[in-house]
Structures are given as C-alpha cells and as structure tokens.
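Notes follow once the structure below has been shown.
Atoms within a ligand are numbered from 1 in the order they appear, just like the ligands themselves.
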Amino acid sequence: MNEWVIANEAWVRSACFFSILVIMMLWEAAKPKRKRLHTRLLRWTNNLGLVFLNSFVIRLVLPLATIGVAQFAQQHELGLFNQIDVHPVILIVLTIVIFDMAIYWQHRLFHVVPVLWRLHKMHHVDQDIDVTTGSRFHPIEIILSLLIKFALVLLLGPSLLAVMLFEIILNGTAMFNHANVALPKKVDRFLRPWLVTPDMHRVHHSTILDESNANYGFNLSVWDRLFNSYVAQPSKGHDGMEIGVRGYTEVKQTQMLPGMLWMPFAKVLPQQKVGYVEPIAKDSDKA
Ligand SMILES: [Zn+2]
C-alpha cells in the first residue's frame with residue numbers, strides 16, 4: 001500500500017483538486033448564493049495564479065511532502081500510532097479527526113497572533129468568496145502550516161494512506177465550504193451538525209469582527225461548537241453581509257497578486273487595525 005501511495009499521491013491529489021474545483025465552479029454558475037462584487041476574470045486569474053505560484057514555491061522550499069515525513073516516522077517507529085496495536089481503519093479515522101482538530105486550532109492561532117494574522121489576512125481580504133478563495137493562502141502561511149503538519153505526523157505516526165486521505169478531504173472541504181453556492185436549507189440543516197457548510201463558513205469571512213472570530217472549522221463542524229466559537233448565521237443575512245476585512249477596499253491590495261503577496265509586509269493603516277473605532281466627528285470638523 002505504501003508504494004502505491006508514494007507512486008500515485010501527486011496525481012490522485014491533483015485529480016481530486018481539479019475535479020472538485022470544476023464541479024464547484026459549475027455549481028456556483030448554476031446556483032449562486034450572493035451577487036459578485038468583482039468579475040470572475042479578475043478574481044480567478046489572481047486567486048488561481050496564486051495557487052499555481054504556491055505549488056512551485058512549496059516544491060522549491062519544502063520538497064519533502066507530508067507523506068515523506070509519515071514514511072520517515074514509520075521507518076523509525078516514531079509517533080503514538082506506531083507503538084499501539086489498533087485496526088488500521090480505526091487509525092485512519094483517528095488521524096483524520098485529530099488532524100482536523102489541529103487545523104481548527106492552527107486556524108484560530110492565525111487569527112489571534114498578530115504576526116500570523118498578517119499572513120492569514122491575505123485569505124480574508126478577498127471581497128467576494130467563492131471556490132477559489134478556498135485555496136487562496138499566502139505561500140509563507142502554507143509553509144508554516146506544512147511544518148505544523150510535519151510535527152503532528154512525527155507525534156502521531158499515521159499511515160501514508162491516512163495522510164493522503166486527510167490532505168484530499170481538507171482540500172476538498174475547503175473548496176466546498178468557500179463556494180458561492182445556494183445549498184438548499186434542508187441540506188444545510190442536515191449537514192451542519194457534522195460538516196462545515198458554505199453558509200456556516202461564510203460567516204467567518206464577514207467584516208464584522210465577532211463573526212470573523214467564529215466558525216474556524218474547515219471540515220468537521222463539531223470543533224466550533226465544542227470550543228465555543230460557533231455563530232449560526234451572519235447578523236445582516238447572507239445577501240446583506242460584507243465580505244472581507246474592514247479597512248481593506250483597494251482592489252490592488254485585495255484582488256491583485258502582487259498586492260496580495262506583499263500584504264504581510266505592508267503598512268497597516270490606523271483604520272485597518274483590529275478593533276479600530278471610528279472617531280466621532282466634532283462640531284468644529286463639520287464647518
Ligand atoms: Zn480565517
């Protein structure tokens with residue numbers, strides 16, 4: 001099995017990525033949830049351009065993939081799962097659930113630690129949200145999260161297949177829950193107790209701070225309920241809510257690749273600071 005995963009991981013993952021991307025794009029075209037602010041041409045060329053660039057940068061900086069680390073852990077009998085005798089299927093399920101919880105906390109950390117927020121902010125300043133937002137992450141954030149994943153693999157010692165499945169599931173659910181699709185209310189209600197739906201994750205992309213500091217989950221929806229960060233619906237409704245980060249309205253910065261890549265290093269204006277309160281105009285200012 002290990003040889004099969006090593007030989008086929010790259011193409012299986014790419015095939016899953018492109019098929020889910022196309023399915024969600026068609027679904028968005030057939031049943032969109034919100035009106036777009038910017039054209040598809042502008043957003044897709046820049047967001048997908050970033051995905052293309054990221055795949056090169058990551059291969060260059062970290063040629064070792066997560067399954068490579070899993071193989072190393074297995075060969076050296078590192079990690080909890082290499083010490084215990086439990087059915088492989090149970091271990092696969094455990095790997096996926098534990099990794100998912102770790103990603104939830106990692107995501108929360110990227111929102112509260114200022115230097116990490118500088119990186120993650122690039123994902124949030126997108127003023128529309130659709131399937132391409134789901135893969136729009138700064139290359140430095142991707143490298144950092146890969147290093148976190150490597151550490152987790154060394155601690156747990158999961159099988160190569162479990163790691164591959166988790167990567168495919170996380171990538172697929174991220175595309176699904178960022179999609180601008182109108183999921184029938186009944187389906188949303190059915191899925192939500194377990195899975196993050198597009199309506200649930202959209203709340204996290206609101207410009208209102210109490211809403212963006214909620215719904216951190218990417219795959220299982222249970223972590224937000226368990227760790228007290230669940231908000232069911234946006235206060236202004238899905239059509240009325242504003243997507244993005246308050247203070248970030250320049251298209252050059254929010255939608256164009258060079259501005260997006262420069263974002264972690266760009267000067268933060270007072271009105272772009274977290275928790276900024278609009279000053280009340282004095283009478284003398286009105287004259
Ligand atoms: Zn976020």
Side-chain angles (χ1 to χ4, degrees), residues 24 33-34 43 46-47 50-51 54 99-149 169-180 192 195-236 238 241-249 253-255 259-261 263-264 266 268 272-276:
M24 295 320 297
K33 178 84 179 184
R34 287 167 50 90
R43 289 188 53 262
N46 288 283
N47 287 2
L50 177 69
V51 174
N54 276 343
F99 266 62
D100 198 55
M101 186 180 73
I103 298 287
Y104 165 91
W105 281 109
Q106 182 200 314
H107 186 190
R108 233 173 133 157
L109 201 69
F110 272 78
H111 272 261
V112 294
V113 178
V115 65
L116 297 178
W117 171 241
R118 274 184 173 261
L119 297 169
H120 185 58
K121 188 165 61 185
M122 196 223 76
H123 172 71
H124 277 271
V125 295
D126 200 350
Q127 292 176 296
D128 281 317
I129 174 172
D130 72 5
V131 59
T132 65
T133 314
S135 304
R136 185 187 135 130
F137 292 97
H138 199 278
I140 305 174
E141 177 174 358
I142 298 191
I143 289 167
L144 280 181
S145 50
L146 265 172
L147 292 174
I148 295 172
K149 251 185 258 171
I169 292 172
L170 183 71
N171 192 239
T173 48
M175 286 197 277
F176 168 69
N177 63 44
H178 282 89
N180 182 34
R192 256 203 215 212
L195 291 177
V196 178
T197 63
D199 278 8
M200 177 177 163
H201 192 71
R202 201 173 297 110
V203 177
H204 178 68
H205 281 263
S206 165
T207 53
I208 297 170
L209 206 59
D210 283 344
E211 294 178 355
S212 65
N213 284 339
N215 301 8
Y216 294 102
F218 273 108
N219 178 18
L220 298 174
S221 65
V222 292
W223 312 122
D224 281 297
R225 281 175 236 273
L226 204 63
F227 302 123
N228 224 1
S229 56
Y230 179 65
V231 172
Q233 301 294 344
S235 56
K236 292 182 181 171
H238 287 280
M241 74 184 288
E242 277 173 64
I243 302 286
V245 179
R246 209 171 58 162
Y248 288 88
T249 49
Q253 205 178 19
T254 63
Q255 315 297 153
M260 283 154 61
L261 288 171
M263 176 145 295
V268 178
Q272 294 171 335
K273 289 203 170 118
V274 175
Y276 171 79

Under 3.5 Å side-chain donor-acceptor pair for His107 and His123: no
More than 12 heavy atoms from other groups under 6.0 Å of CD on Gln233: yes
Listed protein N/O/S atoms, distance to the Zn ion (ligand 1) under 2.8 Å: His107 NE2, His111 NE2, His120 NE2, His124 NE2, His204 NE2
For Tyr230, side chain to side chain donor-acceptor pair (under 3.5 Å) partners two or more places apart: Arg192
Criterion salt bridge (charged side-chain N to carboxylate O under 4.0 Å, His left out) against Lys33, the qualifying member of Asp130, Asp128, Asp199: Asp199
Under 3.5 Å donor-acceptor, His205 side chain and Ser212 backbone: no
Over all atoms of both residues, closest heavy-atom pair of Phe137 and Ile142: CB-CG1, 3.8 Å
